[in-house]
Amino acid sequence: MSNPNQPRVRFAPSPTGFLHVGGARTALFNWLYARSQGGVFVLRIEDTDQERSTEESYAAILRGMEWLGLDWDEGPGVGGDFGPYLQSERLDIYREHLEQLAAGGHVYKCFCSAGDLEAREKAVRDAGCNWEGYDGHCRDLTEAQTTELEGQGKPFAWRLKTPTEGTTFWYDIIVDKREFQNEVLVDRVVFKADGFPTYQFAVVVDDHTMGITHVLRGDDHVSNTPFQLLIYQALGWKPPKFGHMPMILGQDKKRLSKRHGATSVEEFQNLGILPAAMLNYLALLGWSPGGSGDEVMTAEAIIKKFSLKKVNSSPAAFDYDKLNHINSEHIKRLSADERLDLAKPIIAERGWVLDPEWLIHEVDTTDAYLARVLGTLGNRFSSLITLPEQIGFFFTDDHFVDQESWDEHVATDEARPLMIALADAIEADLDTAAPQEAGAFEEVIRSTAEKLGVKAGQIIHPCRVALSGQSRSAGIFEVMELMGAPRTVRRLRAAAAS
RNA sequence: GUCCCCAUCGUCUAGUGGUUAGGACACCGCCCUUUCACGGCGGCAACACGGGUUCGAUCCCCGUUGGGGAUGCCA
């Protein structure tokens with residue numbers, strides 16, 4: 001169980017919003033690393049910000065993770081030996097370690113209020129100088145001064161005493177050596193006046209006490225790392241390995257935001273993106289299987305190939321086109337049964353069911369009918385979003401109609417007589433009180449075309465639009481079979497009269 | 001402003017001290033087809049710039065430019 005070489009990684013979101021693509025990618029890479037190394041993937045919730053943390057966000061993040069299939073070995077809902085996994089439930093642990101820091105003289109009390117800080121920053125800037133963060137105002141307060149301020153009931157935070165010379169560095173898994181001059185590091189707050197630890201402190205205590213071996217996080221955390229390293233040092237702990245992954249940007253290479261379109265994982269779900277496709281695409285952002293291998297992969301295949309060494313160090317732009325392509329590839333690879341499962345809720349939602357009066361050959365249940373309908377789609381079924389449009393006409397007369405195609409192919413003086421002739425021929429040549437197969441319709445169409453001295457295509461095209469409302473559809477004979485002769489005739493006559 | 005990071009087709013990327021710099025998405029053309037899609041074939045398109053190092057740099061070093069991040073008692 002406790003294999004010392006077993007990597008332990010974590011995803012540690014704060015519940016202050018939905019699970020966005022950046023977070024999802026971070027979670028994914030941690031998960032991939034754990035799964036590919038036989039390691040443990042921990043989910044920890046960083047809710048030390050009392051103001052911004054919400055139950056809804058917490059739930060949304062868990063939903064997003066579950067939707068993507070990123071299962072965690074320890075964390076909310078599943079427990080584990082290193083809990084609790086919510087920082088708000090670990091306050092005692094943080095206080096205990098704060099005392100350790102205080103006893104070692106690594107931290108000091110800071111009585112500066114937000115207003116004090118603002119005023120001093122303004123003064124510095126007004127003087128034309130750079131404000132380089134907290135100025136160490138309370139760092140050298142005497143014992144007496146501290147006692148007096150405390151006696152006045154002034155609230156205080158704890159700050160870490162950071163070195164003013166030398167450097168702090170680490171070897172990043174992704175970007176090699178990273179080094180910071182200690183003089184640019186400021187004495188950041190480690191424990192807030194509200195009695196909660198800051199992220200900087202909690203993350204260190206948790207990663208250490210939870211036995212995390214590799215911290216894989218977004219590149220936006222790079223500048224936090226040296227400060228955190230100093231906390232590890234002050235506590236006398238060996239830090240984990242760090243890997244900072246490149247950011248995900250919008251198509252314009254600017255920070256990914258709302259105006260780029262969907263950014264939360266759940267929005268993609270509503271956009272008809274399959275979780276497997278989302279996972280696949282996210283994996284391709286900053287990582288590649290190498291060479292010219294197939295990019296369309298299942299999670300299992302990605303796990304098999306995944307390696308942190310292949311993770312890129314440059315930021316990547318999020319490309320909706322490519323996501324859609326990966327998505328359609330995943331849909332195309334689905335089995336007939338899987339497609340059926342995907343489509344069922346879509347028609348159920350609209351109340352679309354099989355009507356026995358349609359007289360469909362060898363079909364007597366809605367599921368069987370839907371299966372046949374999906375079968376006609378073949379590879380045209382590449383998006384969950386367009387599906388209702390694509391198959392609606394099989395179920396209802398109140399279906400999507402592409403007006404442009406209708407005007408061009410149906411509502412014309414050339415098309416009307418052809419559609420009427422075909423309707424007449426169907427009624428004359430076929431038993432419209434019985435189900436008919438595609439071949440039977442084809443025969444009627446071809447003989448009608450011959451009789452009228454036109455090409456079959458001249459009849460087929462208006463019929464396609466008349467029946468489906470669109471100029472693209474499955475093979476028209478098959479469409480007729482699945483519409484049933486009565487409906488076919490009815491729609492043709494209605495179209496001719498339009 | 002200061003600190004840190006990044007830089008191969010429009011985008012995601014592969015790659016090497018000597019290659020016709022490869023693949024994928026998107027785009028364009030052709031073929032297939034009753035339409036559309038799928039598929040097949042082909043095309044367009046990149047080593048940011050300037051200095052070095054070297055017999056030779058896309059690759060190594062420095063600088064410039066561009067982009068990103070950080071600069072919170074947010075995480």
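Below, each value reflects all heavy atoms present in this structure, side chains not excepted, and no hydrogens, waters or symmetry copies. Each chain gets a letter, A, B and so on, in the order the sequences are listed, and its residues count up from 1.
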_Under-4.0 Å side-chain N/O to phosphate OP1/OP2 contact, A:Arg188 with B:rC73_ = no
*Name the nucleic acid region contacted by A:Ser471, choosing base, sugar-phosphate or nothing; use a 4.0 angstrom heavy-atom cut-off, strictly under.*
base
*Which part of the nucleic acid, if any, lies within contact of A:Leu285, taking any heavy atom under 4.0 Å across all strands shown: a base, the sugar-phosphate backbone alone, or nothing?*
sugar-phosphate
*From the options B:rA75, B:rG15, B:rC6, select the nucleotide whose nearest atom is closest to the side chain of A:Lys310.*
B:rG15
*asked:* Nearest whole Å is fine: how far is B:rA24 P from A:Asp319 CG?
replied: 15 Å
*With respect to the side chain of A:Arg178, which nucleotide from B:rC5, B:rU13, B:rC12 is positioned closest?*
B:rC5
*Pairs involving residues 244-265 of chain A, ordered by first then second residue, that meet salt bridge (Lys or Arg N to Asp or Glu O under 4.0 Å) (sequence neighbours left out)*: A:Asp252-A:Arg259, A:Lys258-A:Glu267
_Check: B:rC38 base within 3.5 Å donor-acceptor of A:Arg380 side chain_ = no
*Which of these nucleotides, B:rC6, B:rA75, B:rU35, is closest to any side-chain atom of A:Pro315?*
B:rC6
*asked:* Please classify the nucleic acid contact of A:Gln251 as base, sugar-phosphate, or nothing, using heavy-atom distances under 4.0 Å.
replied: nothing
*asked:* Over all strands shown, is A:Gly457 touching base, sugar-phosphate only, or nothing at heavy-atom distances under 4.0 angstrom?
replied: nothing
*Could you check whether A:Thr48 gets within reach of a base, just the sugar-phosphate, or nothing at all, counting any heavy atom under 4.0 Å?*
sugar-phosphate
*What does B:rG18 pair with, Watson-Crick or G-U, if both distances are under 3.5 Å?*
B:rC55
_Side-chain N,O (A:Asn312) to OP1/OP2 (B:rC6) below 4.0 Å_ = no
*Does A:Asn224 make a side-chain donor-acceptor contact with the base of B:rA75, cut-off 3.5 Å?*
yes
_Using only atom types and a distance under 3.5 Å, with no angle test, would you say the side chain of A:Arg416 pairs donor to acceptor with the backbone of A:Ser498?_
yes
*Rounded to the nearest angstrom, tell me the gap between atom CD in A:Glu51 and atom P in B:rC74.*
8 Å
*asked:* Need to verify one output field. Residue with the more 5' nearest nucleotide on RNA chain B, A:Arg125 or A:Lys177?
replied: A:Arg125
*Would you call A:Phe169 and A:Gln181 a side-chain contact if the rule is heavy atoms closer than 4.5 Å?*
no
*Answer with base, sugar-phosphate or nothing: what part of the nucleic acid does A:His221 contact at a heavy-atom distance below 4.0 Å?*
base
*Length of the line joining A:Glu329:CD and B:rC12:C1', which is rounded to integer Å*: 15 Å
_Inter-nucleotide P distance (B:rA21, B:rA48), Å rounded_ = 15 Å
_Check: A:Asn224/A:Arg188 side-chain N/O donor and acceptor closer than 3.5 Å_ = yes
_Any A:Thr167 side-chain heavy atom under 4.5 Å of A:Phe180 side chain_ = no
*Sugar-phosphate only, base, or nothing, as touched by A:Lys455 at under 4.0 Å among non-hydrogen atoms*: nothing
*Would you mind classifying the nucleic acid contact of A:Leu284 as base, sugar-phosphate or nothing, using non-hydrogen atoms under 4.0 angstrom?*
sugar-phosphate
*asked:* Between A:His106 and A:Ala102 (side chain of the first, backbone of the second, donor and acceptor by atom type, cut-off under 3.5 Å), is there such a pair?
replied: no
*Can you tell me how far P of B:rC25 sits from CZ of A:Phe318, to the nearest Å?*
17 Å
_Distance check, C1' atoms only: B:rC55 and B:rG39, in whole angstrom units._
49 Å
_Opposite nucleotide pairing with B:rU35, Watson-Crick or G-U, both atom distances under 3.5 Å_ = none
*Verify ring-ring contact (aromatic ring centres under 6.0 Å, His included) between A:Phe111 and A:Phe156, making sure each step is shown before the conclusion.*
CA-CA 4 Å; A:Phe111 298 88; A:Phe156 62 89; 5.5 Å; yes
*Nucleotide nearest A:Ser288 (side chain, heavy atoms from C-beta), chosen from B:rG69, B:rU13, B:rC73*: B:rU13
*asked:* Among B:rG68, B:rA70, B:rC73, which nucleotide has an atom closest to any side-chain atom of A:Lys254?
replied: B:rG68
*Across all strands shown, which nucleotide pairs with B:rU2 by Watson-Crick or G-U wobble geometry, both distances under 3.5 Å?*
B:rA70
*Which value, in whole Å, describes the distance between the P atoms of nucleotides B:rG52 and B:rC59?*
14 Å
*asked:* Rounded to whole Å, how long is the line connecting atom CD1 of A:Ile173 with atom P of B:rC5?
replied: 17 Å
*Nearest listed nucleotide, side chain of A:Glu295, among B:rC12, B:rC25, B:rA75*: B:rC12
*Distance between the P atoms of B:rC6 and B:rA14, in whole angstroms?*
15 Å
*Proximal nucleotide (of B:rU13, B:rU2, B:rC73) relative to the A:Arg159 side chain*: B:rC73
*Quick one: which of B:rG69, B:rA24, B:rC74 gets closest to the side chain of A:His325?*
B:rA24
*So, A:Glu481 side chain and A:Ala438 main chain: donor-acceptor pair closer than 3.5 Å or not?*
yes
*Would you state whether a donor and an acceptor, one from the side chain of A:Lys322 and one from the base of B:rA24, lie under 3.5 Å apart?*
yes
*Base, sugar-phosphate alone, or nothing: which one does A:Ala456 contact when heavy atoms must sit under 4.0 Å apart?*
nothing
_Taking any heavy-atom pair under 4.0 Å as a contact, classify A:Cys463: base, sugar-phosphate, or nothing._
nothing
_Separation of B:rC74 C1' from A:Asp49 CG (nearest whole Å)_ = 5 Å
*Touch check for A:Ser473, heavy atoms < 4.0 angstrom, all strands: base, sugar-phosphate only, or nothing?*
base
*asked:* Pairing check on B:rC30: which nucleotide meets the Watson-Crick or G-U wobble criteria with it, both distances under 3.5 Å?
replied: B:rG40
*Consider the side chain of A:Arg472, meaning its heavy atoms from C-beta on, and name the nucleotide among B:rA7, B:rG67, B:rC36 that approaches it most closely.*
B:rC36
*What does A:Gly475 touch in the nucleic acid at a heavy-atom separation under 4.0 angstrom: a base, only the sugar-phosphate, or nothing?*
base
_Strictly below 4.0 Å, N to O, side chains only: are A:Asp187 and A:Lys109 in salt-bridge contact?_
no
*asked:* So A:Ala317, base contact, sugar-phosphate only, or nothing? Heavy-atom distance under 4.0 Å.
replied: sugar-phosphate
*Under a 3.5 Å limit for both distances, which nucleotide forms a Watson-Crick or G-U wobble pair with B:rA7, could you say?*
B:rU65
_In whole Å, I'd like the distance from the NZ atom of A:Lys253 to the P atom of B:rA48._
12 Å
*Could you tell me the separation between the CD atom of A:Glu121 and the P atom of B:rU71, rounded to a whole number of Å?*
12 Å
*Considering only side-chain heavy atoms of A:Lys192, which listed nucleotide, B:rC73, B:rC6, B:rG69, is closest?*
B:rC73
